[in-house]
Amino acid sequence: MSDEKEHLDKLMQELRRGTITIGVLSQLSNPQYGYSLVTMLAEKGIQVEPGTLYPLLRRLEKQGLLDSKWDTNEARPRKYYLLSETGKNVYDLLVVEWKGIVESLNHVIENKGDDENGDG
Amino acid sequence: MEMVDRYIYAVTQKLRQDQREDIAKELRSLIEDMLEERVGSRDISDKDVEEVLLELGTPRKLAEKYRGTKKYLIGPEIFDSYLMVLKIVLVTIASIMGAVFAVQTILDPVLILDHFIDLIVSIVTGIPIAFAWTTFGFALPEYLGAYQAKDIQIDMEWKPSDLPPIPDEKRQIKRGESIAGIIFYAIFIVILAFSSEYFGIWVFHDGFSGVVPFLNEITYGTYLLFILLIFGFGIIKECLKLVSGKWTYKLAGYTLILNVISMVVILLMVNGPAFWNPDFMNELAQAGVVTVGSEGYDVVQKVWEQSTFWIFVLLAIGLIWDAIDGFIRARKK
(Lines give C-alpha, C1' and ligand atoms only; values in the text may rest on other atoms or scores of the structure.)
Protein backbone atom coordinates (compact mmCIF):
# COMPACT_ATOMS: atom_id res chain seq x y z
CA MET A 1 0.00 0.00 0.00
CA SER A 2 2.69 2.46 0.98
CA ASP A 3 4.43 1.69 -2.29
CA GLU A 4 1.36 2.79 -4.22
CA LYS A 5 1.16 5.93 -2.18
CA GLU A 6 4.76 6.71 -2.97
CA HIS A 7 4.13 6.37 -6.70
CA LEU A 8 1.03 8.50 -6.42
CA ASP A 9 2.89 11.21 -4.52
CA LYS A 10 5.57 11.39 -7.16
CA LEU A 11 3.10 11.54 -10.04
CA MET A 12 0.97 14.10 -8.25
CA GLN A 13 4.01 16.27 -7.70
CA GLU A 14 4.72 16.25 -11.41
CA LEU A 15 1.09 16.89 -12.24
CA ARG A 16 0.85 19.80 -9.82
CA ARG A 17 3.97 21.49 -11.06
CA GLY A 18 2.33 22.58 -14.27
CA THR A 19 -1.13 23.23 -12.96
CA ILE A 20 0.06 25.51 -10.17
CA THR A 21 1.20 28.01 -12.79
CA ILE A 22 -2.32 28.16 -14.23
CA GLY A 23 -3.74 28.55 -10.73
CA VAL A 24 -1.36 31.38 -9.95
CA LEU A 25 -1.97 33.25 -13.19
CA SER A 26 -5.73 32.90 -12.72
CA GLN A 27 -5.63 34.82 -9.44
CA LEU A 28 -3.49 37.72 -10.57
CA SER A 29 -5.89 39.92 -12.50
CA ASN A 30 -5.75 41.96 -9.31
CA PRO A 31 -2.47 42.59 -7.51
CA GLN A 32 -1.68 40.03 -4.81
CA TYR A 33 1.30 39.43 -2.59
CA GLY A 34 2.75 35.98 -2.18
CA TYR A 35 1.20 34.87 1.04
CA SER A 36 -2.28 36.14 0.17
CA LEU A 37 -2.02 33.97 -2.94
CA VAL A 38 -1.13 30.93 -0.83
CA THR A 39 -4.24 31.38 1.31
CA MET A 40 -6.47 32.27 -1.65
CA LEU A 41 -5.43 29.17 -3.56
CA ALA A 42 -5.73 27.01 -0.44
CA GLU A 43 -9.30 28.19 0.08
CA LYS A 44 -10.07 27.10 -3.47
CA GLY A 45 -8.58 23.67 -2.87
CA ILE A 46 -5.20 24.25 -4.52
CA GLN A 47 -2.40 23.47 -2.09
CA VAL A 48 0.81 25.35 -2.79
CA GLU A 49 3.78 25.51 -0.47
CA PRO A 50 5.16 29.01 -0.01
CA GLY A 51 8.62 27.63 -0.73
CA THR A 52 7.39 26.68 -4.18
CA LEU A 53 5.16 29.65 -4.89
CA TYR A 54 7.63 32.43 -4.12
CA PRO A 55 10.33 31.24 -6.49
CA LEU A 56 7.62 30.56 -9.10
CA LEU A 57 6.36 34.14 -8.84
CA ARG A 58 9.85 35.48 -9.40
CA ARG A 59 10.37 33.21 -12.36
CA LEU A 60 7.12 34.28 -13.99
CA GLU A 61 8.09 37.88 -13.37
CA LYS A 62 11.46 37.31 -14.98
CA GLN A 63 9.76 35.73 -17.98
CA GLY A 64 7.65 38.86 -18.32
CA LEU A 65 4.28 37.29 -17.49
CA LEU A 66 3.97 39.21 -14.23
CA ASP A 67 4.69 42.74 -13.12
CA SER A 68 5.61 43.47 -9.54
CA LYS A 69 5.63 46.39 -7.19
CA TRP A 70 6.73 46.87 -3.61
CA ASP A 71 4.13 48.35 -1.30
CA THR A 72 5.94 49.95 1.61
CA ASN A 73 3.01 51.93 3.00
CA GLU A 74 1.77 49.17 5.24
CA ALA A 75 3.45 48.04 8.45
CA ARG A 76 5.01 45.16 6.57
CA PRO A 77 6.54 45.84 3.16
CA ARG A 78 5.07 43.48 0.59
CA LYS A 79 5.78 42.70 -3.01
CA TYR A 80 2.62 42.67 -5.11
CA TYR A 81 2.37 40.75 -8.35
CA LEU A 82 0.00 41.43 -11.24
CA LEU A 83 -0.50 39.92 -14.69
CA SER A 84 1.33 41.87 -17.38
CA GLU A 85 -0.19 42.38 -20.84
CA THR A 86 1.76 39.40 -22.11
CA GLY A 87 0.73 37.46 -19.02
CA LYS A 88 -2.95 38.11 -19.68
CA ASN A 89 -2.69 36.89 -23.28
CA VAL A 90 -0.65 33.86 -22.32
CA TYR A 91 -3.11 33.02 -19.57
CA ASP A 92 -6.07 33.15 -21.99
CA LEU A 93 -4.26 30.85 -24.41
CA LEU A 94 -3.24 28.56 -21.57
CA VAL A 95 -6.85 28.20 -20.41
CA VAL A 96 -7.91 27.11 -23.90
CA GLU A 97 -5.12 24.53 -23.93
CA TRP A 98 -6.03 23.33 -20.47
CA LYS A 99 -9.67 22.83 -21.41
CA GLY A 100 -8.54 20.81 -24.40
CA ILE A 101 -6.41 18.59 -22.20
CA VAL A 102 -9.23 18.07 -19.71
CA GLU A 103 -11.64 17.18 -22.49
CA SER A 104 -9.27 14.74 -24.17
CA LEU A 105 -8.32 13.10 -20.92
CA ASN A 106 -11.92 12.79 -19.79
CA HIS A 107 -12.68 11.19 -23.11
CA VAL A 108 -9.81 8.74 -22.72
CA ILE A 109 -10.62 7.88 -19.13
CA GLU A 110 -14.33 7.40 -19.68
CA ASN A 111 -14.00 5.34 -22.86
CA LYS A 112 -11.41 3.03 -21.36
CA GLY A 113 -13.90 0.15 -21.00
CA ASP A 114 -15.03 0.35 -24.63
CA ASP A 115 -11.51 0.11 -25.98
CA GLU A 116 -10.72 -2.89 -23.85
CA ASN A 117 -13.82 -4.65 -25.11
CA GLY A 118 -12.90 -3.78 -28.64
CA ASP A 119 -9.39 -5.17 -28.27
CA GLY A 120 -10.51 -8.30 -26.48
CA MET B 1 13.51 36.31 15.53
CA GLU B 2 17.25 35.95 15.31
CA MET B 3 16.66 32.50 13.79
CA VAL B 4 14.73 34.12 10.94
CA ASP B 5 17.68 36.36 10.16
CA ARG B 6 19.96 33.36 10.11
CA TYR B 7 17.58 31.49 7.82
CA ILE B 8 17.27 34.36 5.37
CA TYR B 9 21.01 34.83 5.37
CA ALA B 10 21.56 31.13 4.68
CA VAL B 11 19.18 31.25 1.71
CA THR B 12 20.40 34.48 0.13
CA GLN B 13 24.06 33.53 0.50
CA LYS B 14 23.43 30.91 -2.15
CA LEU B 15 21.89 33.38 -4.59
CA ARG B 16 23.26 35.92 -7.03
CA GLN B 17 24.33 39.19 -5.46
CA ASP B 18 21.81 41.31 -7.35
CA GLN B 19 18.86 39.17 -6.23
CA ARG B 20 19.75 38.92 -2.60
CA GLU B 21 18.24 42.06 -1.17
CA ASP B 22 14.91 41.71 -2.91
CA ILE B 23 14.48 38.06 -2.05
CA ALA B 24 15.55 38.69 1.55
CA LYS B 25 12.89 41.38 1.92
CA GLU B 26 10.21 39.23 0.35
CA LEU B 27 11.15 36.19 2.41
CA ARG B 28 11.00 38.20 5.62
CA SER B 29 7.51 39.46 4.94
CA LEU B 30 6.46 35.92 3.99
CA ILE B 31 7.80 34.46 7.22
CA GLU B 32 6.13 37.19 9.24
CA ASP B 33 2.83 36.51 7.45
CA MET B 34 3.15 32.81 8.12
CA LEU B 35 3.96 33.42 11.79
CA GLU B 36 1.07 35.78 12.18
CA GLU B 37 -1.38 33.30 10.79
CA ARG B 38 -0.01 30.55 12.98
CA VAL B 39 -0.11 32.37 16.33
CA GLY B 40 -3.04 34.75 15.89
CA SER B 41 -2.93 37.23 18.76
CA ARG B 42 -0.63 35.39 21.17
CA ASP B 43 3.10 35.99 21.36
CA ILE B 44 5.44 34.30 18.93
CA SER B 45 7.57 31.59 20.50
CA ASP B 46 10.78 30.08 19.22
CA LYS B 47 8.88 26.90 18.53
CA ASP B 48 6.53 28.74 16.16
CA VAL B 49 9.48 30.17 14.27
CA GLU B 50 11.05 26.75 14.02
CA GLU B 51 7.87 25.20 12.65
CA VAL B 52 7.46 27.90 10.02
CA LEU B 53 11.06 27.51 8.87
CA LEU B 54 10.68 23.74 8.74
CA GLU B 55 7.67 24.26 6.51
CA LEU B 56 9.76 26.37 4.14
CA GLY B 57 12.38 23.65 3.90
CA THR B 58 16.15 23.68 4.03
CA PRO B 59 17.86 26.89 2.88
CA ARG B 60 19.72 24.94 0.23
CA LYS B 61 16.52 23.58 -1.35
CA LEU B 62 14.78 26.93 -1.24
CA ALA B 63 17.76 28.69 -2.81
CA GLU B 64 17.82 26.01 -5.49
CA LYS B 65 14.20 26.76 -6.33
CA TYR B 66 14.96 30.45 -6.55
CA ARG B 67 17.87 29.83 -8.85
CA GLY B 68 15.81 27.52 -11.01
CA THR B 69 18.85 25.55 -12.07
CA LYS B 70 21.12 23.27 -10.16
CA LYS B 71 24.80 23.97 -9.99
CA TYR B 72 27.31 21.36 -10.94
CA LEU B 73 31.04 21.04 -10.94
CA ILE B 74 30.63 18.38 -13.60
CA GLY B 75 27.14 18.39 -15.04
CA PRO B 76 25.09 15.29 -15.84
CA GLU B 77 25.56 15.83 -19.60
CA ILE B 78 29.27 15.17 -19.41
CA PHE B 79 29.49 13.13 -16.24
CA ASP B 80 29.80 9.81 -18.08
CA SER B 81 32.67 11.02 -20.25
CA TYR B 82 34.33 12.54 -17.21
CA LEU B 83 34.09 9.29 -15.30
CA MET B 84 35.50 7.32 -18.21
CA VAL B 85 38.48 9.63 -18.69
CA LEU B 86 39.10 9.78 -14.96
CA LYS B 87 39.12 5.99 -14.72
CA ILE B 88 41.56 5.69 -17.61
CA VAL B 89 43.86 8.33 -16.16
CA LEU B 90 43.87 6.92 -12.65
CA VAL B 91 44.20 3.26 -13.64
CA THR B 92 47.00 4.11 -16.05
CA ILE B 93 48.96 6.18 -13.59
CA ALA B 94 48.51 3.71 -10.76
CA SER B 95 49.59 0.73 -12.87
CA ILE B 96 52.60 2.62 -14.20
CA MET B 97 53.71 3.59 -10.73
CA GLY B 98 53.52 -0.10 -9.89
CA ALA B 99 55.60 -0.89 -12.96
CA VAL B 100 58.22 1.68 -12.03
CA PHE B 101 58.41 0.18 -8.56
CA ALA B 102 58.83 -3.30 -10.04
CA VAL B 103 61.60 -2.19 -12.43
CA GLN B 104 63.49 -0.38 -9.70
CA THR B 105 63.19 -3.31 -7.34
CA ILE B 106 64.50 -5.74 -9.94
CA LEU B 107 67.45 -3.45 -10.66
CA ASP B 108 68.19 -2.65 -7.05
CA PRO B 109 66.67 -5.27 -4.76
CA VAL B 110 68.62 -4.05 -1.74
CA LEU B 111 66.88 -0.69 -1.79
CA ILE B 112 63.38 -2.17 -1.92
CA LEU B 113 62.30 -0.18 1.12
CA ASP B 114 63.38 3.08 -0.52
CA HIS B 115 61.59 2.14 -3.72
CA PHE B 116 58.51 1.31 -1.74
CA ILE B 117 58.61 4.68 -0.03
CA ASP B 118 59.04 6.29 -3.45
CA LEU B 119 56.01 4.38 -4.66
CA ILE B 120 53.91 5.58 -1.74
CA VAL B 121 55.10 9.16 -2.23
CA SER B 122 54.31 9.12 -5.94
CA ILE B 123 50.88 7.61 -5.29
CA VAL B 124 50.09 10.18 -2.62
CA THR B 125 51.27 13.10 -4.75
CA GLY B 126 50.59 11.85 -8.28
CA ILE B 127 47.06 10.47 -7.98
CA PRO B 128 45.54 13.64 -6.49
CA ILE B 129 47.32 15.75 -9.11
CA ALA B 130 45.96 13.60 -11.93
CA PHE B 131 42.53 13.66 -10.35
CA ALA B 132 42.64 17.43 -9.95
CA TRP B 133 43.76 18.16 -13.51
CA THR B 134 41.22 15.84 -15.06
CA THR B 135 38.48 17.38 -12.98
CA PHE B 136 39.72 20.86 -13.74
CA GLY B 137 39.73 20.13 -17.46
CA PHE B 138 36.08 19.14 -17.34
CA ALA B 139 34.92 21.63 -14.75
CA LEU B 140 36.27 24.76 -16.41
CA PRO B 141 34.06 24.52 -19.52
CA GLU B 142 31.17 23.60 -17.24
CA TYR B 143 31.75 26.74 -15.20
CA LEU B 144 31.93 28.85 -18.33
CA GLY B 145 28.67 27.31 -19.49
CA ALA B 146 30.15 25.77 -22.63
CA TYR B 147 28.25 22.51 -22.44
CA GLN B 148 24.87 24.04 -21.77
CA ALA B 149 24.99 26.64 -24.51
CA LYS B 150 25.92 23.97 -27.01
CA ASP B 151 23.17 21.63 -25.89
CA ILE B 152 20.51 24.29 -26.13
CA GLN B 153 21.67 25.19 -29.60
CA ILE B 154 21.54 21.59 -30.71
CA ASP B 155 18.07 21.16 -29.27
CA MET B 156 16.72 24.19 -31.06
CA GLU B 157 18.17 23.54 -34.46
CA TRP B 158 17.82 19.82 -34.50
CA LYS B 159 16.47 18.23 -37.68
CA PRO B 160 16.30 14.47 -38.23
CA SER B 161 18.00 14.97 -41.59
CA ASP B 162 20.95 16.44 -39.70
CA LEU B 163 21.62 13.11 -38.05
CA PRO B 164 25.22 12.20 -38.84
CA PRO B 165 25.65 9.15 -41.04
CA ILE B 166 26.98 6.04 -39.37
CA PRO B 167 30.71 6.45 -39.96
CA ASP B 168 32.64 4.16 -42.23
CA GLU B 169 34.62 1.45 -40.45
CA LYS B 170 37.79 3.27 -41.37
CA ARG B 171 36.57 6.60 -40.03
CA GLN B 172 35.64 5.15 -36.70
CA ILE B 173 38.10 5.51 -33.89
CA LYS B 174 38.26 2.45 -31.75
CA ARG B 175 38.10 3.17 -28.05
CA GLY B 176 40.72 0.55 -27.36
CA GLU B 177 43.23 2.32 -29.60
CA SER B 178 42.78 5.65 -27.87
CA ILE B 179 42.96 4.08 -24.45
CA ALA B 180 46.09 2.17 -25.44
CA GLY B 181 47.50 5.46 -26.74
CA ILE B 182 46.78 7.23 -23.47
CA ILE B 183 48.38 4.39 -21.50
CA PHE B 184 51.41 4.49 -23.79
CA TYR B 185 51.89 8.23 -23.30
CA ALA B 186 51.35 7.90 -19.57
CA ILE B 187 53.92 5.12 -19.28
CA PHE B 188 56.47 7.31 -21.03
CA ILE B 189 55.65 10.31 -18.89
CA VAL B 190 56.15 8.29 -15.73
CA ILE B 191 59.31 6.60 -16.93
CA LEU B 192 60.83 9.88 -18.08
CA ALA B 193 59.73 11.76 -15.01
CA PHE B 194 60.72 9.25 -12.36
CA SER B 195 63.48 7.16 -13.83
CA SER B 196 65.23 9.04 -16.61
CA GLU B 197 68.52 7.60 -15.39
CA TYR B 198 67.49 4.23 -16.82
CA PHE B 199 66.92 5.72 -20.27
CA GLY B 200 70.17 4.75 -21.94
CA ILE B 201 72.46 1.86 -22.75
CA TRP B 202 72.22 -0.85 -20.13
CA VAL B 203 75.55 -2.39 -19.27
CA PHE B 204 75.83 -5.96 -18.04
CA HIS B 205 78.95 -7.38 -16.41
CA ASP B 206 77.99 -10.45 -14.41
CA GLY B 207 74.54 -9.07 -14.10
CA PHE B 208 73.36 -5.50 -14.30
CA SER B 209 76.11 -3.05 -13.52
CA GLY B 210 74.79 0.35 -14.58
CA VAL B 211 73.35 2.55 -17.29
CA VAL B 212 75.07 4.97 -19.63
CA PRO B 213 72.31 7.57 -19.90
CA PHE B 214 71.35 9.18 -23.19
CA LEU B 215 70.26 12.39 -21.57
CA ASN B 216 72.18 15.04 -19.71
CA GLU B 217 71.06 14.66 -16.14
CA ILE B 218 72.13 18.16 -15.12
CA THR B 219 69.89 19.98 -17.60
CA TYR B 220 67.24 17.30 -17.56
CA GLY B 221 65.01 19.07 -15.04
CA THR B 222 64.35 21.91 -17.47
CA TYR B 223 63.76 19.66 -20.41
CA LEU B 224 61.44 17.43 -18.45
CA LEU B 225 58.89 20.23 -18.59
CA PHE B 226 58.98 20.23 -22.39
CA ILE B 227 58.77 16.48 -22.54
CA LEU B 228 55.76 16.44 -20.25
CA LEU B 229 54.20 19.10 -22.47
CA ILE B 230 54.64 17.00 -25.59
CA PHE B 231 53.27 13.83 -24.04
CA GLY B 232 50.52 15.86 -22.43
CA PHE B 233 49.54 17.00 -25.94
CA GLY B 234 49.54 13.36 -26.97
CA ILE B 235 47.09 12.54 -24.20
CA ILE B 236 44.88 15.49 -25.09
CA LYS B 237 44.87 14.23 -28.68
CA GLU B 238 43.76 10.78 -27.63
CA CYS B 239 41.07 12.23 -25.39
CA LEU B 240 39.74 14.29 -28.30
CA LYS B 241 39.61 11.14 -30.39
CA LEU B 242 37.83 9.30 -27.63
CA VAL B 243 35.20 12.01 -27.32
CA SER B 244 34.76 12.43 -31.07
CA GLY B 245 34.55 8.71 -31.80
CA LYS B 246 35.23 9.24 -35.49
CA TRP B 247 37.59 11.14 -37.73
CA THR B 248 36.37 14.57 -38.77
CA TYR B 249 38.13 17.52 -40.37
CA LYS B 250 37.89 19.35 -37.08
CA LEU B 251 39.56 16.51 -35.21
CA ALA B 252 42.23 16.16 -37.90
CA GLY B 253 42.79 19.92 -37.66
CA TYR B 254 43.30 19.76 -33.91
CA THR B 255 45.65 16.83 -34.39
CA LEU B 256 47.65 18.82 -36.91
CA ILE B 257 47.90 21.84 -34.61
CA LEU B 258 48.99 19.75 -31.62
CA ASN B 259 51.50 17.84 -33.72
CA VAL B 260 53.01 21.01 -35.17
CA ILE B 261 53.41 22.48 -31.68
CA SER B 262 54.97 19.21 -30.49
CA MET B 263 57.37 19.25 -33.42
CA VAL B 264 58.45 22.81 -32.71
CA VAL B 265 59.02 21.97 -29.06
CA ILE B 266 61.04 18.87 -29.95
CA LEU B 267 63.10 20.86 -32.44
CA LEU B 268 63.87 23.54 -29.85
CA MET B 269 64.70 20.89 -27.33
CA VAL B 270 67.07 18.63 -29.23
CA ASN B 271 68.87 21.63 -30.67
CA GLY B 272 69.09 23.32 -27.32
CA PRO B 273 72.33 23.23 -25.35
CA ALA B 274 73.29 20.11 -23.47
CA PHE B 275 70.15 18.09 -24.03
CA TRP B 276 72.05 14.90 -24.62
CA ASN B 277 74.62 13.44 -22.24
CA PRO B 278 77.88 15.25 -23.24
CA ASP B 279 80.05 12.47 -21.82
CA PHE B 280 78.14 9.69 -23.50
CA MET B 281 81.05 8.35 -25.57
CA ASN B 282 83.52 8.52 -22.67
CA GLU B 283 81.16 6.78 -20.31
CA LEU B 284 80.46 4.13 -22.88
CA ALA B 285 84.18 3.50 -23.24
CA GLN B 286 84.65 3.44 -19.48
CA ALA B 287 81.87 0.94 -19.10
CA GLY B 288 83.75 -1.28 -21.50
CA VAL B 289 81.06 -1.40 -24.15
CA VAL B 290 83.40 -0.01 -26.82
CA THR B 291 87.13 0.51 -26.93
CA VAL B 292 88.54 3.91 -27.80
CA GLY B 293 90.16 3.89 -31.25
CA SER B 294 88.45 0.73 -32.43
CA GLU B 295 86.29 0.59 -35.53
CA GLY B 296 83.22 -0.02 -33.39
CA TYR B 297 83.92 3.16 -31.45
CA ASP B 298 83.91 5.25 -34.62
CA VAL B 299 80.65 3.72 -35.78
CA VAL B 300 78.97 4.31 -32.44
CA GLN B 301 80.30 7.86 -32.34
CA LYS B 302 78.92 8.57 -35.79
CA VAL B 303 75.57 7.11 -34.87
CA TRP B 304 75.54 9.13 -31.64
CA GLU B 305 76.39 12.38 -33.41
CA GLN B 306 73.86 11.87 -36.15
CA SER B 307 71.14 10.56 -33.89
CA THR B 308 69.73 13.99 -33.07
CA PHE B 309 69.01 14.63 -36.71
CA TRP B 310 67.54 11.23 -37.45
CA ILE B 311 65.45 11.08 -34.31
CA PHE B 312 63.94 14.40 -35.23
CA VAL B 313 63.32 13.28 -38.81
CA LEU B 314 61.63 10.09 -37.62
CA LEU B 315 59.50 11.96 -35.10
CA ALA B 316 58.56 14.56 -37.69
CA ILE B 317 57.56 11.92 -40.20
CA GLY B 318 55.51 10.16 -37.54
CA LEU B 319 53.72 13.31 -36.45
CA ILE B 320 53.09 14.51 -40.00
CA TRP B 321 51.81 11.12 -41.03
CA ASP B 322 49.57 11.04 -37.97
CA ALA B 323 47.94 14.29 -39.07
CA ILE B 324 47.70 13.34 -42.76
CA ASP B 325 46.20 10.00 -41.81
CA GLY B 326 43.56 11.89 -39.85
CA PHE B 327 42.63 14.01 -42.86
CA ILE B 328 42.51 10.99 -45.16
CA ARG B 329 40.21 9.17 -42.80
CA ALA B 330 38.05 12.24 -42.31
CA ARG B 331 37.50 12.40 -46.09
CA LYS B 332 36.01 8.94 -46.23
CA LYS B 333 32.24 9.16 -46.24
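In the text below, chain A, chain B and the rest are named by the order of the sequence lines, each starting its count at 1.
Atoms CG and CG, from B:Leu62 and B:Leu53 in turn, are 10.5 Å apart once rounded to the nearest 0.5 Å.
For the residue pair B:Thr12 / B:Tyr66, no side-chain donor-acceptor distance below 3.5 Å is found, with atom types taken as modelled. A:Asn89 and A:Thr86 share no side-chain donor-acceptor pair at under 3.5 Å.
Side-chain atoms of A:Tyr35 never come within 3.5 Å of backbone atoms of B:Ser29 as a donor-acceptor pair (strictly under, hydrogens ignored).
Comparing B:Lys25, B:Gln19, B:Glu26 by heavy-atom pairs within less than 4.5 Å of chain A, the highest count is held by B:Glu26.
Contacts of A:Thr39 with chain B are made by side-chain atoms alone, with heavy-atom separations under 4.5 Å and no backbone atom involved. Neither the backbone nor the side chain of B:Leu27 comes within less than 4.5 Å of any heavy atom in chain A.
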